[in-house]
Amino acid sequence: MGATVRGIFLTIGRVIATFIMVGIITGCIVACVMTVYVLRYIGAEDEISIDSIKMGYTSIIYATNSDGELYELQRLYNTDGNRIWVDYDDINQYTKDAMVAIEDKRFWTHDGVDWRRSFGAFVNLFLPGASRGGGSTIHQQLVKNVTKDDDYRIDRKVREIFRAINLGQNYTHEQVLEAYLNVVPFGNNTNGIQAAANTYFSKEAKDLTLAEAACIVGITQKPTANNPFLYPEANKNRQEHVLSEMFKQERITEAEYEKALKEPLNFKKSEHYESINAVQSYFVDHVIEAVIADLMEMKGWTYTYAAERLYKDGYKIYTTMDAEIQTHLENYYSSWDNFPQEVYNEIKPQSACVITDLNGKILGLVGGVGEKTVSRGFNRATMAKRHPGSSIKPIGVYALAMEYNQITWSTLIDDNPIELTPGRFYPSNFDHVYRGPVTVDYAIQKSVNTVAVRLTEMLTPKLVYDFLTNRLHMNNLVEYRRGSTDIDLGPMALGSLTDGLTPLEMAGGYQIFANGGYYTEPYCYTKVEDAEGKVVLQADTTQNRVISEETAGVMTKLLQRVTTGPNGTGVRANLPNMPTAGKTGTSTDDVDQWFVGFTPYYVCQVWLGYDEKLKENNYGEIRYRYYPPPYIFRDIMEPLHEELEYKNFEISDNVVSMTYCTRTGDLASTACTSIDVGWYKKSNLPPTCSGNCAEPIVVAPIEPEDDDDAPRPITPSNSDDSPRDSDDERDR
């Protein structure tokens, strides 16, 4: 009986024990599943990638000073603030020790969570009036800064703890501290130790002293309340507390502690506010737009996305700007008082200037006169499409006619209007005077419209258009649009274009004379690196030959006559201390006035005019006492050449100086009674004058070798069968 009862109880006990064990196991399984579910639900399993933290950093634009040293020109950062990534080895030990001492003294011994501090912080969540902080490690604070997840809730704290544990499992303590020091806010819209060192002390992070490092680290507790620019006393108290903790934890010696307490802090408050309040220059504006355009082309991005990446991805942009030249231009263009004093009627015009070297490198530019009030606004130097007037003649019709050996220095061409249809003549000259046969030298000096039109008719406007677009990259010319075209006599000979050309395009075109016949598309930066130092954009500085060295040499000599010849329209541009060449250009009613010139060192373009063409009788006819652009050119260029060695233009050995007969344009003989000196390509010398000094030379048409490629004249597209009125009839 007793054995039977015991057996029954044992069986019942086993069943009960089995149920209990099953319940425990089931409960554990359910608890585990629920825990995993909850952790996933609250996002605690999400991992933080330190590699992704390096995104969203400030891009920096660099320039070179007069000593050839690289310096920071401009920072580009988004609304997240100014951040410059700095590697662990480039952060000094004082900064690392200060951050650990004040934020997480057991940082080097825990694996992401300091459970002692976390338990205290957890308890405080339930105690009225208790502190809500103090429990986070550097790992946890990094998670908080990266995720922006900082609500005072239990689920957020649990999520933060597990993310910090994951962070500690996947990265070393050095990597975590490096990342934290690069993201933590330091006030004044500044994030990260490198940007903070720049902002507060104009130093690199690696160069901070102990006192400076403690000062900056002390800001992190309350970035506004401890801001040294706003509350220096509060910052000083916090700095001393940081130093005290470092000393107590034996991270610095007593001597270092005492020295740091006494060290004066030289804050760069004024420099900081000047930099954040300053409007960036026209040059920087152009660099930004150029980089955005190149990123769009290379990566297929939209404009908006490329601009966003430029301001977030920590690019390093190395510009071509010459600091001395850019400063000189900005000073000159700061006020109308620096310009030739003119009568501008009721409103003043505007102006723009571009200076490059002889091979397309942009050294300086300005896009307007007066105080610049906005960044990335309208930049006349690069955005304004203006009618170039006669300044287009040398880079189009004359360069091609000389290259094709259709003209020489002394070729005689009839200065009379062309009769397009019975009774309709085109064009007129500025002074409405016609002189019959004139030399090319005279025609360029005097900017004779009729000669340019006759040469364009001979070459065909299509040939000139193709040269300007395909070889000189003047992409604002219009092939055909709604009944308008630039492939016509007026546009190609006299610059009366559908839209116009920018000052930058014009400056780029004139380099072909200054450098012996090569074209390089004007560029404002040499390269762009990403945050890792990899080159993502490289300027194309290839020199492409577009005319022969001989043609360039003769054209340079001809354009020197514009500034030195007896009939030159640009004599006021001639520099007293350096050879000068160039060309004037004017559109109807002086709405646009140009001088594009060059020396053996620089190409300089000056545009003066009105943003919009003034309506007839709006302000009366626009007239000047004299022609300002050559004066402006000289005022700008003369100081830039004062310290430069005098030198002449480099002219090919295949260009020679010869005496010619002014009556025939042939090389002079003993029978010639009126002679002058010109420059010629050895391969295209005129014949020697035969003695008949009254017979003008007839200009022959081009006869290409391949008839299929022969340029063909086109019929003017205007309804009245004549080219539209020249925008250059008032050219000097």
Side-chain angles (χ1 to χ4, degrees), residues 49-63 73-85 146 280-321 354 356 359-362 365 367 374-379 381-385 466 468-482 498-502 504-505 508 519-544:
S49 171
I50 285 182
D51 291 336
S52 67
I53 294 173
K54 292 188 178 183
M55 302 301 290
Y57 275 78
T58 301
S59 293
I60 303 179
I61 299 176
Y62 295 97
L73 179 61
Q74 189 81 40
R75 292 191 175 198
L76 308 177
Y77 53 89
N78 60 19
T79 54
D80 292 338
N82 177 17
R83 296 198 291 172
I84 308 296
W85 184 271
V146 171
Q280 64 198 29
S281 69
Y282 285 108
F283 190 97
V284 170
D285 285 351
H286 177 55
V287 170
I288 292 171
E289 296 303 323
V291 172
I292 289 173
D294 291 345
L295 287 173
M296 291 171 61
E297 181 179 356
M298 185 185 74
K299 296 181 177 290
W301 292 345
T302 64
Y303 180 92
T304 301
Y305 187 74
E308 180 183 357
R309 297 269 54 86
L310 175 59
Y311 278 80
K312 286 185 175 181
D313 286 1
Y315 290 117
K316 294 180 176 63
I317 304 161
Y318 300 91
T319 73
T320 60
M321 193 190 87
V354 177
T356 73
N359 297 298
K361 179 189 290 186
I362 304 172
L365 61 82
V374 297
S375 294
R376 296 180 64 189
F378 184 60
N379 189 342
T382 61
M383 298 176 178
K385 301 174 185 177
D466 287 345
L468 292 175
T469 54
N470 298 335
R471 307 308 299 276
L472 301 188
H473 296 193
M474 294 187 169
N475 299 320
N476 285 312
L477 297 178
V478 174
E479 184 172 12
Y480 183 82
R481 185 177 67 216
R482 297 191 299 275
T498 303
D499 292 334
L501 296 171
T502 67
L504 180 58
E505 286 178 300
Y519 177 83
T520 301
E521 190 162 5
Y523 59 100
C524 59
Y525 69 85
T526 55
K527 64 178 178 179
V528 176
E529 296 176 345
D530 63 16
E532 302 296 328
K534 178 183 177 182
V535 175
V536 293
L537 293 174
Q538 187 89 43
D540 182 3
T541 60
T542 305
Q543 290 183 296
N544 299 293

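In what follows, every heavy atom counts, from backbone to side chain, and hydrogens, waters and symmetry copies are set aside. Worth saying up front: this structure is predicted, and the values here are computed from it rather than measured.
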### Query
Are any non-hydrogen side-chain atoms of N359 and T541 less than 4.5 angstrom apart?
no
### Task
Mind checking the CD-CG spacing from E529 to L537? Nearest 0.5 Å is all I need.
11.0 Å
#### Entry: Residue E297 excluded, over 12 heavy atoms near CD under 6.0 Å
no
### Query
Is there a side-chain contact between I61 and M321 (heavy atoms, below 4.5 Å)?
no
### Task
Go through E289 and Y303 one step at a time and tell me if the side-chain contact (heavy atoms from CB on, under 4.5 Å) criterion holds.
CA-CA 10 Å; E289 296 303 323; Y303 180 92; 2.8 Å; yes
### Task
Show your working on side-chain contact (heavy atoms from CB on, under 4.5 Å) between V291 and Y525 and close with a plain yes or no.
CA-CA 8 Å; V291 172; Y525 69 85; 3.9 Å; yes
### Message
In the structure I gave you, are the side-chain heavy atoms of E308 and W301 within less than 4.5 Å of one another anywhere?
### Response
no
### Summary
Value for CD (E505) from CG (N475), rounded to nearest 0.5 Å, stands at 6.5 Å
### Point-to-point distance, once rounded to the nearest 0.5 Å, from OH of Y311 to CD1 of I292
6.5 Å
### Message
So does L310 get a backbone contact from the side chain of S59, meaning a donor-acceptor N/O pair under 3.5 Å?
### Response
yes
### Message
Counting C-beta onward and ignoring hydrogens, is there a side-chain heavy-atom pair between F283 and T320 closer than 4.5 Å?
### Response
yes
### Message
If I compare all heavy atoms of A306 with all of M296, which pair ends up nearest, and what's the gap?
### Response
CB-CG, 3.8 Å
### Task
Measure the acute angle between the ring planes of Y62 and Y318, then classify it against the limits of 30° and 60° as parallel, tilted or perpendicular.
parallel
#### Entry: Euclidean distance, T520 OG1 relative to Q543 CD, rounded to 0.5 Å
4.5 Å
#### Entry: D313 with R309: basic N within carboxylate O range, under 4.0 Å
yes
#### Entry: Spacing of T469 atom OG1 and N476 atom CG [to the nearest 0.5 Å]
11.5 Å
### Message
Can you confirm whether H286 sits close enough to I362 that some side-chain heavy atom of one is under 4.5 Å from a side-chain heavy atom of the other?
### Response
yes
### Query
Does a side-chain heavy-atom distance below 4.5 Å link K361 with Y523?
yes
#### Entry: For T502 against M383, the heavy-atom pair lying closest together
CG2-C, 4.2 Å
### Query
Taking side chain as C-beta onward, heavy atoms only, is H473 less than 4.5 Å from N544?
no
### Task
Please answer whether the main-chain N or O of G508 pairs with a side-chain N or O of E521 as donor and acceptor at a distance below 3.5 Å.
no
### Query
Heavy atoms, side chains only, cut-off 4.5 Å: are L365 and N379 in contact?
yes
### Query
Distance from K385 atom NZ to L501 atom CG, nearest 0.5 Å?
10.0 Å
